Each structure stands twice: as C-alpha cells, then as structure tokens.
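A quick write-up on the structure given underneath.
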Amino acid sequence: MASTSRQLFLSKRVVTEAGVADGGVLVNENGLIEQLLTREQAKTLIAECDGNVKVVDGGELALMAGVVDSHVHVNEPGRTAWEGFRTATSAAAVGGITTIVDMPLNSIPPTTTLENLKTKASSAEGNVFVDVGFWGGVIVGNQDSLRDLVKAGVVGFKCFLCPSGVDEFPNVEAEDLEKAFAALEGTGSLLAFHAEVEDHTNDNDQITNKDPEEYTTYLESRPPKMELNAISLISSFLNKTDVRVHVVHVSSASVVPLLSKAREERLAAGNKAWRGGVTAETCHHYLSLSADQIPRGRSEYKCAPPIRDLDNKEKLWKYLLDDKLDMVVSDHSPCTPELKCSNNLEAWGGISSVQFGLSLFWTEASKRGLDLTAICKYMCAAPAQLCGIQDRKGALKPGLDADLIFFDPEAEFTVTADIIRHKNKLTPYIGKTLKGVVKKTYVRGQLIYADQTIIGEPKGKLLLNTF
C-alpha cells in the first residue's frame, strides 16, 4: 500500500553519510524519496504547495535512513518457538531497522532449494512489519539449486566451514566450495562464510575436564586459529573465481589483516566489484562486550565465534574505523530458554539483539567521538551494498524507498524484559543502559512504529522476484 499523499519530513539534523544538515526529505505518493531539501527550500515548498503536502516535523530528533540488518535468523518455519517473522520484524521496527535479511538456516526447511524458499516466503507473507530479504544456503550437494535461487532474488548464499549446530544445514568442505563457486560464477551473487574451521590440534580432552560454566572454558574451545584457518581456506579460492565473498561475524581481530590482503590482491587483479568482492562484517556483541565481563553460567552471552578479550574488542573498533571491516550487524540468533543452560559447552550459541543493535552501536560509537554519520555508513549503506539493494535501501537519496527513522541520540534507556519484542526475552543486554532511542520508524513513507507502539498491521514487503 502506497502513501496517500506527498510528505515532507523535517529535522534540524538530517543525517546522511555526507554529514548532518538542517532540512527535510520530500517523499512522493509512492513512498519514494523525491528530494532532499535545505530548510529554506522546505519553507518555499510548503508555501507553494498550499497545504497539499503533509509535513512531519521531528524538530531536534535526528532524521536518518532506516537500518539494514543483513544478518538475522528468523527461524520460521520449523523452529518458530525460537523466533518468527512477526516477532522478529516488530522488534526490528522498534529498533529502527527497516530491512532485515533472513539467514537460510535454523528454519525447517532451510533455504537451500527453490521449493524451500517458497515455503519460507509463504510463512513470511503478510507477517512482516519491515521489508525482508533472504539469503540462500550452500550445503553439500545443492550446487544445482543455486542459480534458481539467484533468479528468485536471494541476496547471496551462506555456508558453514564447521558444524552449524543443526543437522539440516551441514557444513561444506573444499570440494563442495569448488562446485558452489562454479555454479555462482557470472551470476553477480556472493558466497558468505561462517569462517571457522575446526582446529584438530586443540586439546579437547583438556577443555572438557574444565568447568563448563566458566566462559573461559568455552572461549578456549574456539580459539582464533579456527578463524585464521578458515580465512586461509577462503583465500585459496580467490585467484580462481570472480564470485564475491563475504565473511560474517568476524570475532578475532587477527584475521582482519589477512582479509585486507585478499581484498588488495583482488583489486590489483582488476576485480571491479565493491571492495574487490571481499567484504567482512562484525557484530554488536563483539564491539560492545568482552570476555572479562561475562559471568559464570550465563550462556546468553554464548555465540560462535566467541566474544573475546577487551584488547581484541578495541582492535576490532580500530579496524572498523580504518575501513578494514565493512559493516556492523546483529547476527540475531535466538532460541528457547531451555537451550540456554548454564553449561557453556552444551548451550545453544546465539545472541538475541535485533531490537537493540542501533542503540548498542551508538552507545559505543559516541564514546569514541563518532558522529551520527557512522550509523549511516556501517549500518545502512554498507549492508545494503552487500545485498545488492543499494538502489532501494540504506540511504537518504532520491529514488530510494523512504525508509526513515526519527532518532534521539541523547536519550538513554535500560533494557528490561518487558520492552523486548522478539519472541524469547533472553539477551545479555538486560539491565544495561544504552544510549539512543528510536522514536518513529517509517517504511516507504508509512508509519509503522511510534513511541513504544507498533502501528497497524504488517506493511513490510518480501524482497524477492516473482516465482
């Protein structure tokens, strides 16, 4: 449903990657951004329109593009007790996210064939408060399904280089990657990696004899070498293919120089894709938390790869600000309470945070002297570019969807279970005070969230081609 009339959104702080200005965003009847205006241009337009444009004035609130979270596990269908499209997308809307991209695993069936994608899309249709894109999955033996999924509109493909944690999404080996790269060559799509390769030199007996409720026991079970091994494997393919590659949830700062080297080599070889077709993300939990903060027996902090020490956290921030990492996403990976037991070796590994990602990032970024343009760069424009939706999402530019938020960067709030919109209320952030409050969220010019209230029925779209 399109907006009923032209709208002019005003703010004394209109935020784009280029800076912060006093002005407005003009939105047409179809929910597309028509023009960015200075304050004087906005005044002239209002006078000339003679009441035929609806004015929405945010005053001192920052007016920004909605966040694009390209790494979200919705889990529906099949594990809807863990999460679902209604709960995940309502949480996203409250958090200022106007587009999420659903990961291919943890749902049953996984998004590894066209028929499975149709099943997932059927579950999502009519149940999404924000727009939703989809990743496809690469597993053993599904290489002949990949091109059909590309045609259907998946943003790319994800694979695991170690066990995924669910039987229906097995990890791949080098020979499987050969087949996947061959299938994707020339499609313009990309292959994203859970970049850990099991380290068989690790003394697992010694680890299992340690206290499993201590976080350090789990941390030792997934050392940085697992990530280093994975990047070495991925790099071995890069001179044989032009397919874009992306590394999800970088946890260990030690791998970033290897990724930078791979990118530089791709660029030198003439690869014309964005960032040479070698990109990487990190997550809010790696930039907000450190291993020394994690209490005993609290597996809501458990994720894979793990949260590492404070020095590693600060190095990740440096690499992000040096443009060695490209974007920040949630990797929202929820589960039911019984799967988050006190044994860190047995508990489900995943952190729930989709609702709080913008505030988590701003809390840490503002401490480091960053301004609001950092949000536009790392949480809006870059994820949209990764997913090939930069001509629709991720920025305040004429012709793009009017996905907008009004954001109060000075306000603070404390995370409590009663404000959480995702299905299960487990998160390591309960009790933490965060900076930055989303006041209103719009998708294609339509108000979907205002001041703690979801507005109306789901208005989100599925970012898929007709199939």
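Keep in mind the model is a prediction, meaning the values are calculated, not measured.
The environment of K118 atom NZ is dense: over 12 non-hydrogen atoms of other residues, nucleotides or ligands sit within 6.0 angstrom. Residue-environment remark: CZ (R392) stays at or below the threshold of 12 foreign heavy atoms within 6.0 Å. Within a 6.0 Å radius of NZ in K397, no more than 12 heavy atoms belonging to other residues, nucleotides or ligands are found. Crowding of K425 atom NZ: a count of heavy atoms from other residues, nucleotides or ligands under 6.0 Å exceeding 12.
Shortest non-hydrogen contact noted between I234 and F193 is CD1-CG, 3.5 Å. Here the closest heavy-atom approach between residue T363 and residue S366 is recorded as O-OG, 3.3 Å. L63 and F406 get closest at one heavy-atom pair: CD1-CE2, 3.8 Å. The nearest pair of heavy atoms linking S70 to M103 is O-CE, 3.9 Å. Contact record, L32 with G399: CD2-O, 3.9 Å, taken as the closest heavy-atom pair. A91 and V354 make their closest contact through CB-CG1, 3.9 Å (heavy atoms, listed as atom of the first residue, atom of the second, distance).
In this structure, D401 does not pair ionically with K461, as no charged nitrogen and carboxylate oxygen lie closer than 4.0 Å. With salt bridges taken as basic N to acidic carboxylate O contacts below 4.0 Å, none links E281 and K158. For the pair E185 and R147, the salt-bridge criterion is not met [side-chain N within less than 4.0 Å of a carboxylate O]. A salt bridge links R79 with E168: the distance from a Lys NZ or Arg NE/NH1/NH2 to an Asp or Glu carboxylate oxygen falls below 4.0 Å.
A side-chain donor-acceptor contact under 3.5 Å links R244 to the backbone of G188. Checked by atom type and distance alone, the side chain of T187 pairs as donor or acceptor with a backbone atom of L184 at under 3.5 Å. Remark: side-chain polar atoms of D403 are not paired, donor with acceptor, to backbone N or O of T98 under 3.5 angstrom. At least one donor-acceptor pair under 3.5 Å links the side chain of S11 to the backbone N or O of R13. Counting only distance, with no hydrogens or angles, the side chain of N312 and the backbone of S251 share a donor-acceptor pair below 3.5 Å. A donor-acceptor pair under 3.5 Å is absent between the side-chain atoms of T87 and the main chain of E83, judged by distance alone. When atom types are taken as modelled, the side chain of Q35 and the backbone of L26 share no donor-acceptor pair closer than 3.5 angstrom. Remark: the backbone N or O of H73 is not paired with any side-chain donor or acceptor of H332 at under 3.5 angstrom. Side-chain atoms of T373 never come within 3.5 Å of backbone atoms of G19 as a donor-acceptor pair (strictly under, hydrogens ignored). A donor-acceptor pair is defined here as one N or O able to donate and one able to accept, closer than 3.5 Å; no such pair exists between the side chain of W362 and the backbone of I375.
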> Yes or no on side chain to side chain contact (heavy atoms under 4.5 Å, CB included) for D148 and L117, after CA distance, side-chain angles and deciding distance?
Replying inline: CA-CA 10 Å; D148 286 340; L117 174 62; over 6 Å; no

> Does the side chain to side chain contact (heavy atoms under 4.5 Å, CB included) test come out yes or no for K120 and F85, once each step is laid out?
Replying inline: CA-CA 10 Å; K120 180 172 280 194; F85 282 105; 3.9 Å; yes

> Taking it one step at a time, do T441 and F129 satisfy side chain to side chain contact (heavy atoms under 4.5 Å, CB included)?
Replying inline: CA-CA 10 Å; T441 304; F129 290 95; over 6 Å; no

>> The test is side chain to side chain donor-acceptor pair (under 3.5 Å); show your working for D418 and T416 and say whether it passes.
In response: CA-CA 6 Å; D418 62 298; T416 55; 2.6 Å; yes

> Yes or no on side chain to side chain contact (heavy atoms under 4.5 Å, CB included) for Y378 and L325, after CA distance, side-chain angles and deciding distance?
Replying inline: CA-CA 9 Å; Y378 298 117; L325 291 166; over 6 Å; no

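The side-chain heavy atoms of Q293 and P428, taken from C-beta on, include no pair separated by under 4.5 Å. For the pair I455 and I448, the minimum side-chain heavy-atom distance is 4.5 Å or more. At a threshold of 4.5 Å between non-hydrogen side-chain atoms, the residues L177 and L191 count as touching. In this structure, the side chains of P110 and N116 come closer than 4.5 Å at one or more pairs of heavy atoms. R266 places a side-chain heavy atom less than 4.5 Å from the side chain of L238. Residues L259 and V250 meet the side-chain proximity criterion, which asks for heavy atoms closer than 4.5 Å. Side-chain contact between T112 and S145: absent, with no pair of heavy atoms (C-beta onward) separated by less than 4.5 Å. Using a 4.5 Å cut-off on side-chain heavy atoms (C-beta onward), S260 and Y319 make no contact.
Distance check, rounded to the nearest 0.5 Å: CG of L434 to OG of S288 gives 8.0 Å. Between atom CG of residue L45 and atom OG1 of residue T38 there is a gap of 10.5 Å, rounded to the nearest 0.5 Å. Rounded to the nearest 0.5 Å, atoms CZ (F157) and OG1 (T111) are 10.0 Å apart. Distance check: L386 CG to H71 NE2 gives 11.0 Å after rounding to the nearest 0.5 Å. The CG atom of D326 sits 7.5 Å away from atom NE2 of H246, with the distance rounded to the nearest 0.5 Å. Atom CD of residue E300 and atom CD1 of residue I294 lie 9.5 Å apart, to the nearest 0.5 angstrom.
K315 pairs by the salt bridge (charged side-chain N to carboxylate O under 4.0 Å, His left out) definition with D311, not counting sequence neighbours.
Note: H422 and F356 have perpendicular aromatic rings, judged against thresholds of 30 and 60 degrees for the angle between ring planes.
Remark: the D69 side chain and the S330 side chain contain an N/O donor-acceptor pair separated by less than 3.5 Å. Of the N and O atoms on the side chains of T113 and E115, not one donor lies less than 3.5 Å from an acceptor on the other residue. Side-chain contact of K313 with S290: a donor-acceptor pair under 3.5 Å is absent, judged by distance alone.
Contacts classified as salt bridge (charged side-chain N to carboxylate O under 4.0 Å, His left out) and involving residues 35-45 (residues at least two apart or in different chains) are given here: D22-R39, E40-K43. Residue pairs that meet the salt bridge (charged side-chain N to carboxylate O under 4.0 Å, His left out) test with at least one member in residues 367-387, sequence neighbours left out, are E314-R368, D323-K377, E364-K367, E364-R368.
Each of V67, L400, D131 was evaluated against K393; a single residue qualifies, D131, per the side-chain contact (heavy atoms from CB on, under 4.5 Å) test. The residue from E227, E196, H194, H285 that alone fulfils the side chain to side chain donor-acceptor pair (under 3.5 Å) condition with H249 is H194.
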